[in-house]
Number of protein chains: 2
Amino acid sequence: MATIYEVSKLAGVSLATVSRVMNNNANVSDATRKKVTAAMDELGYRPNSIAQSLASNCSNSVGLLVSELHGPFYGPMMSGIENTFRNQKKHLIIAAGHSNEEREKQGIEFLISRNCDGLILHVEAVSDDYLIKLSKSQVPFVLINRFISELSDRCIILNNIKGGYLATKHVLEQGHKQIAYISGPLWKKDAQDRLEGHKKALAEYGLPFDEQLLYQGDFMEASGFTGLKTLYQHAKPFSAVICANDEMATGAMASARELGLTLPDQLSIMGYDNVFFTRHVYPPLSTINYPINEMGKMAADWVLSHVYQKQTAPLQTVFEPELVVRQSITTNPQ
Amino acid sequence: MATIYEVSKLAGVSLATVSRVMNNNANVSDATRKKVTAAMDELGYRPNSIAQSLASNCSNSVGLLVSELHGPFYGPMMSGIENTFRNQKKHLIIAAGHSNEEREKQGIEFLISRNCDGLILHVEAVSDDYLIKLSKSQVPFVLINRFISELSDRCIILNNIKGGYLATKHVLEQGHKQIAYISGPLWKKDAQDRLEGHKKALAEYGLPFDEQLLYQGDFMEASGFTGLKTLYQHAKPFSAVICANDEMATGAMASARELGLTLPDQLSIMGYDNVFFTRHVYPPLSTINYPINEMGKMAADWVLSHVYQKQTAPLQTVFEPELVVRQSITTNPQ
DNA sequence: TTGAAAGCGTTACCAT
DNA sequence: ATGGTAACGCTTTCAA
């Protein structure tokens with residue numbers, strides 16, 4: 001592999017000049033620039049990005065930590081991010097945190113040890129304090145789907161209260177009055193917010209919130225399954241169940257069928273996230289759109305702007321959810 | 001950030017010695033090793049991986065090119081890969097090729113320009129020749145889901161003929177005799193193989209293969225939709241349709257419902273890949289398992305073994321598909 | 001077992 | 001506009 005040194009020799013110029021044309025920087029005369037590029041072509045020269053990184057103290061790499069690489073949620077997010085970075089010649093180093101505190105910390109450590117210039121973090125288990133402390137350190141980072149007031153300018157989030165509100169309002173508008181709710185784990189802010197939105201909509205319709213109609217799940221499919229089952233067996237009757245995410249809604253669907261209910265006639269089900277497979281379940285699931293792809297892009301823009309001082313479209317920090325009506329909610333029940 | 005130099009000064013040893021204990025290499029006396037680690041702790045020393053890479057000519061990074069970062073197929077593959085690499089302190093640089101020749105080439109170029117020590121490629125659009133040429137160059141790479149005989153030792157593939165055979169055999173065993181087939185794009189080897197397996201099973205049951213019952217799709221959902229529709233409207237009757245992947249099967253399901261068919265009674269549908277959402281469609285889709293997660297891990301092991309000379313479990317190059325029976329195939333039709 | 005010193009391939013500052 | 005040269009932080013001979 002040819003080095004900058006050989007290029008400089010062949011072109012009859014100094015190292016510095018070659019470097020200048022590489023970074024098509026500074027003032028280089030057209031004549032020498034041509035000489036140099038010709039030499040590069042002749043030698044098939046490729047800059048060594050590692051040497052560049054060392055000398056410039058900039059690795060051009062940004063770390064991305066997600067909970068899982070699989071699953072319907074992270075794919076679109078990573079897509080958006082990868083795309084905007086590649087156009088900018090930055091590269092993505094990806095690690096998984098598995099929603100587990102130790103592994104999230106390890107992942108962050110790992111990314112930092114890889115000399116990432118910046119980090120995009122989708123973390124769930126690590127504490128606010130940890131992140132606040134981290135923010136005092138070297139590496140700049142932006143958070144997706146997490147709000148910490150001390151770090152509010154670097155939190156890219158969805159308005160979950162509104163999303164929760166929209167979901168329940170839609171169900172109410174279809175005439176449902178007895179509505180069960182399967183929440184996420186309530187120590188998570190997004191789970192709280194979605195529930196809060198639910199209550200808000202209920203209140204707006206003059207309906208009391210009934211603890212008996214609430215089941216606390218964990219955002220995973222299985223908890224939707226058992227959630228619906230326990231609600232159905234132990235609670236008062238309800239004609240609709242709202243799930244705090246699509247995975248649980250899917251679990252609830254399976255559960256409903258096992259209970260012998262025909263969907264959506266005997267039970268309406270509402271999801272949240274608009275994960276891609278919700279179109280494919282049967283009946284197609286009504287849900288709340290979570291523009292995770294756009295939010296990923298925004299996180300990438302944040303990094304571009306804050307870490308690399310690039311011009312980007314104006315940064316936006318909170319995104320708005322939208323109702324997606326499909327066929328899992330029945331009208332005028334009973 | 002402390003450097004190796006400061007550590008050496010504090011510990012009262014040379015640079016070389018510090019380097020030795022970092023790579024807990026060579027023979028270093030316990031005494032000095034202790035001194036050095038103590039100094040490191042005191043300074044909070046973290047090795048600079050970029051400097052290490054430059055000096056050692058090893059970036060400890062491996063490039064992964066997939067078609068898409070989202071979608072049900074690549075997630076599990078990336079998961080398997082990330083996991084085995086992180087344990088080995090290697091990191092993954094991910095790029096997307098979008099099943100497009102130019103972008104795949106760009107992606108590979110990009111990864112190479114990032115000084116990856118090795119590459120894992122899931123490419124579809126790039127030619128065999130290109131890859132053969134690439135194999136003569138510096139970077140070692142392994143291919144997933146692609147077979148090139150000249151490169152057979154670095155092709156990690158599924159036995160698709162067998163998979164296609166298994167799928168059709170299962171349908172035949174349930175008593176179906178008129179079976180339609182929606183294939184992938186037939187210029188792709190895997191699509192060909194799956195179809196070949198289909199024909200083989202048919203032949204085994206003494207049934208002729210009927211071109212009229214074949215629709216060539218493109219592995220995307222929409223083609224399953226239109227595929228079923230055109231088959232249904234123009235072809236002779238059939239009681240089952242076998243799709244060359246789950247996405248198309250999902251499209252076919254939607255199509256069937258639009259045609260007013262009740263599933264699975266009036267039409268049995270078979271998928272391929274066992275992508276995770278197949279459990280959630282209704283009726284749950286019978287399909288062929290594609291152990292993509294394991295294959296990803298194997299690719300990672302290949303790299304570990306061939307690039308980093310690490311000991312790994314024995315390498316396996318072709319994987320076997322398995323039948324997954326759910327509820328989308330009806331028994332004894334008509 | 002340890003140390004000295006020459007790289008690794010760039011960038012960036014200071015001259016000219 | 002161009003060149004000289006010291007970093008960048010580590011690894012890796014080669015000697016001792």
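Lettering follows sequence order; numbering is per chain, from 1.
- Nearest to the side-chain atoms of B:L54 among the listed nucleotides D:dT2, C:dG9, D:dT12 stands C:dG9.
- No side-chain donor-acceptor contact under 3.5 Å links B:S149 and B:S152.
- For B:N23, the side-chain atoms get nearest to D:dT11 when compared with the rest of C:dT11, D:dT11, C:dT2.
- Residues B:L65 and B:L119 have side chains not in contact (no heavy-atom distance under 4.5 Å, counting atoms from C-beta outward).
- Of the candidates C:dG7, C:dG9, C:dT2, C:dG7 carries the atom nearest the B:A55 side chain, counting heavy atoms from C-beta on.
- Counting to the nearest Å, the C1' atom of D:dG9 and the CG atom of B:L43 are 15 Å from each other.
- Of the side-chain N and O atoms in B:S19, one or more sit less than 4.0 angstrom from OP1 or OP2 of D:dT11.
- Rounded to an integer number of Å, the gap from A:Q52 CD to C:dA12 C1' is 13 Å.
- Phosphate contact (OP1/OP2 of C:dA5, side-chain N/O of B:Y5, threshold under 4.0 Å): absent.
- Annotation: of the two residues near DNA chain C, B:S56 and B:A31, the 5′-most nearest-nucleotide partner is B:A31.
- At a cut-off of 3.5 angstrom, the base of C:dG3 holds at least one donor-acceptor pair with the side chain of B:R20.
- Closest contact between the side chain of A:T32 and the listed nucleotides D:dT2, C:dT11, C:dA5 involves D:dT2.
- The closest side-chain donor-acceptor pair between B:S14 and B:T17 falls under 3.5 angstrom.
- Among the nucleotides C:dT11, D:dC10, D:dT2, the one closest to any side-chain atom of B:P47 is D:dC10.
- If you find the closest nucleotide of DNA chain D to B:T17 and to B:I50, the one lying nearer the 5' end belongs to B:I50.
- Rounded to whole Å, the distance from NZ on A:K35 to P on D:dG3 is 7 Å.
- A cation-pi arrangement is present between B:K90 and B:Y308 under the rule of less than 6.0 angstrom and at most 45 degrees off the ring axis.
- Between A:T3 and C:dG9 there is no side-chain N or O to OP1 or OP2 distance below 4.0 Å.
- Axis orientation changes by 30° from one end of the helix from C:dT1-D:dA16 to C:dT16-D:dA1 to the other, with each end axis drawn from 5 pairs and the value rounded to 10°.
- Proximity of B:S49 to the phosphate of D:dC10: no side-chain N or O atom is located under 4.0 Å from OP1 or OP2.
- Less than 6.0 angstrom separates the ring centroid of A:F73 from the ring centroid of A:Y290.
- Listed by chain and residue number, nothing satisfies the salt bridge (Lys or Arg N to Asp or Glu O under 4.0 Å) test with B:E104 (two or more places apart in sequence, or in another chain).
- Side chain of B:I4, nearest nucleotide from C:dT11, D:dT11, C:dA4: D:dT11.
- Atom CD of A:E6 is separated from atom P of C:dG9 by 9 Å (rounded to the nearest Å).
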Got a list of side-chain donor-acceptor pairs under 3.5 Å for residues 309-316 of chain B, not counting sequence neighbours?
from, atom 1, to, atom 2, distance (Å)
B:Q309, NE2, B:H306, O, 3.4
B:Q316, NE2, B:V318, O, 3.1

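- Atom CZ in A:R46 sits about 15 Å away from atom P in C:dG9, given to the nearest Å.
- Here C:dA12 presents its P atom at 11 Å from CE of A:M22, a figure rounded to the nearest Å.
- Between the C1' atom of C:dC8 and the CG atom of B:N115 lies a distance of 11 Å, rounded to the nearest Å.
- In this structure, B:F85 has its ring center at least 6.0 angstrom away from the ring center of B:H91.
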